[in-house]
Amino acid sequence: MKIKNGFLNLEQTRQCHAHIIKTHFKFSYTNIINPLTRYNSLVTSYIKNNKPSSALNIYAFMRKNGSEVDNFTIPTILKACAQVLMTHLGKEIHGFAIKNGLDGDAYVSNALIQMYSECGSLVSARYLFDEMPNRDVVSWSTMIRGYHRGGLPEEALEVMREMRFMDIRPSEVAMISMVSLFADVADVDLGKAIHACVVRNCKDEKLGVAIATALIDMYSKCGNLAYAKQLFNRLNQNSVVSWTVMISGYIRCNEINEGVRLFAEMIEENVFPSEITILSLIIECGFVGGLQLGKWLHAYILRNGFEFSLAMANALVDMYGKCREIRSARTLFDGMKSKDVMIWNAVISAYAQAHCIDKAFELFIHMKVSKVRPNEVTMVGLLSLCTEAGALEMGKWLHTYIEKQGLEVDVILKTALVDMYAKCGDVNGAYRLFSEAIYRDICMWNAMMAGYGMHGCGEEALIFFVDMERSGVKPNGITFIGLLNACSHAGLVTEGKSVFDKMVHGLGLVPKIEHYGCMVDLLGRAGLLDEAHEMIKSMPLRPNMIVWGALLAASKLHKNPSMGEIAATQILEIEPQNYGYNVLMSNIYAVANRWNDVAGVRRVMKEIRVKKEPGFSSVEVNGLVHKFIRGGMVNWKS
DNA sequence: CTAGGGTTAG
């Protein structure tokens, strides 16, 4: 058997391996004589075929037999360590490299940086990077990618800036890292800039399929499907990855039918989905609530013999949870033989999204019994559940649990705690945690301000806003939603208007539909119905349910049936079967003594006969959460 | 005829 292009597929690799063992290292497949070269070849082939553990076995075998290991072997093995997240072995190899004087080699250093960053030790990676005397483009792009994948986009951007400052010309691979960073930052302006940079660097040459794919992904994540599709159409050589990002893009933008059509087209072109393709699509289905497609994909996995990995199960549980299909989520979860923290977290958050606080806590108890240790993510999930239910005592109990277990309280967990205390009415408790935090990010500030606003403390929220700006934290769109709500609840109309003005003109933020919703609410509550209506008419976005709903509620509050009618008409056009708003409208007519109209609305409601889940509210008394459903009451133990 | 950084998800 001859090897084409020096690359073996998995079957060939295994045959080769078996042959080497059988013939005592007489390697007859190729002309390679040197035993070290043979091993390295095998290791490489296993890694290219995505079998890192086989590669590591060979490495162990080499070491046991006292075989030489060189600076070709080390980077390859490090890559295998990174794939299976074996930090220990990685560190050991690092030590070995130092002992044998191989650590001065740029290949080896770059591989070490990669290994450390993929295994989550970004500090070690950065240390090596900083100490490296012979950094090259590869070192830079590895560092950028490391920060990006490690969830530290700010640091990645900083490294990019340094790289530019040092006048290092990015290679194609480096640009791919950058484009994919902007995809997740979802900043279309930065994205266009890097696109221009890519085009400039490639000049006459055609874009490579990898970089084009990265650009397609970036544009569709920024919501610019037209650009994405254009790039996709221009590709003359499509890979399964390009199809994956294009289809995911359509689903993410809620164009599910077009996504499904493309999926069929892909199969017709004889391109077959990989595990990641299916995984991506399932995740996107959860994102937009595409239950039907999600179910179909679930069936597709079973029909086509895909490996039902934990990652796959995780994605499915998550998707079902987001689509409120809690039974499917649970059945799937129960069917998994081995479970990790992630899947426990996924099923707990599925219950959380279905507002089943009791079930979620029940699972939390089971989780501890089955000896899976809850982590910070679990805590954040449970805390947000308490926040939603207003269960202060339960939240406090979790807080104690976190401290007793010695779980690391990072910014996210701290923010969840602040948010829980604030929204459950213990604003002082929230402030205590907030003030003792060493590091506060924008989310924590937002939670604190929204908490104050929610309890009618509009002035305090505004003071916090000034403090925040003074401490150098830049407000974002969510900050202003909290602030505008705070003004609305406290009746601070003038202040609210100037907050809105500051956001648009002072900071140049483009208001989203939510901001207009807050403004309509603010003006409407204050009785400025006409002004609120003007705001809706003049806004550059298409008004949605929430906006008209705010006007309708205000019309009811200020007993203005004619304005109510205007709002209700719009709402019925957007969502004809909405039960709640019909009720509200009939109440408005009732207040104005327009009983014929009341009867009319009731008749329409009967005709539509919508079955809608009743809303509920809840309150916690002595550790018992009471849930109110339209007059009835349910409660459960915490 | 071996080798390091790349696109998709979490």
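In what follows, chains carry the letters A, B, and so on, assigned in the order in which the sequence lines appear, proteins first and then strands, with residues in each chain numbered from 1.
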Which is true for [X] with a 4.0 Å heavy-atom rule: it touches a base, it touches only sugar-phosphate, or it touches nothing?
X: A:R135; answer: nothing
X: A:V240; answer: nothing
X: A:D136; answer: base
X: A:S180; answer: sugar-phosphate
X: A:V241; answer: base
X: A:I283; answer: sugar-phosphate

Tell me whether the OP1 or OP2 atom of B:dA3 has a side-chain N or O from A:K79 closer than 4.0 Å.
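False: A:K79 side-chain N/O out of range (4.0 Å or more) of B:dA3 OP1/OP2.
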If the cut-off is 4.0 Å, is A:Q114 near the phosphate of B:dG6, judged by side-chain N/O to OP1 or OP2?
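A:Q114 to B:dG6 OP1/OP2: side-chain N or O found under 4.0 Å.
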Could you check how far CG of A:L128 sits from P of B:dG5, rounded to whole Å?
16 Å
Taking CE from A:M160 and C1' from B:dG6, how many angstroms apart are they, rounded to a whole number?
15 Å
Partner of A:I74 by side-chain contact (heavy atoms from CB on, under 4.5 Å), out of A:N71, A:L78, A:D70, A:T76:
A:L78
Parallel, tilted or perpendicular: which fits the ring planes of A:F129 and A:W140, with parallel below 30° and perpendicular above 60°?
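Answer is perpendicular, since the angle exceeds 60°.
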Does NZ or CZ of A:R261 fall inside the cone over A:Y250's six-membered ring, less than 6.0 Å from its centre and within 45° of the axis?
no
Please determine, for the side chain of [X], which listed nucleotide ([options]) has the closest atom?
X: A:I276; options: B:dG4, B:dT2, B:dA9; answer: B:dA9
X: A:T44; options: B:dG6, B:dA3, B:dG5; answer: B:dA3
X: A:S171; options: B:dG10, B:dG5, B:dT2; answer: B:dG5
X: A:N110; options: B:dG4, B:dA9, B:dT2; answer: B:dG4

Is the gap between the ring centers of A:Y227 and A:H195 under 6.0 Å?
no
Nearest 0.5 Å please: distance from the CG atom of A:N134 over to the CG atom of A:N110.
8.0 Å
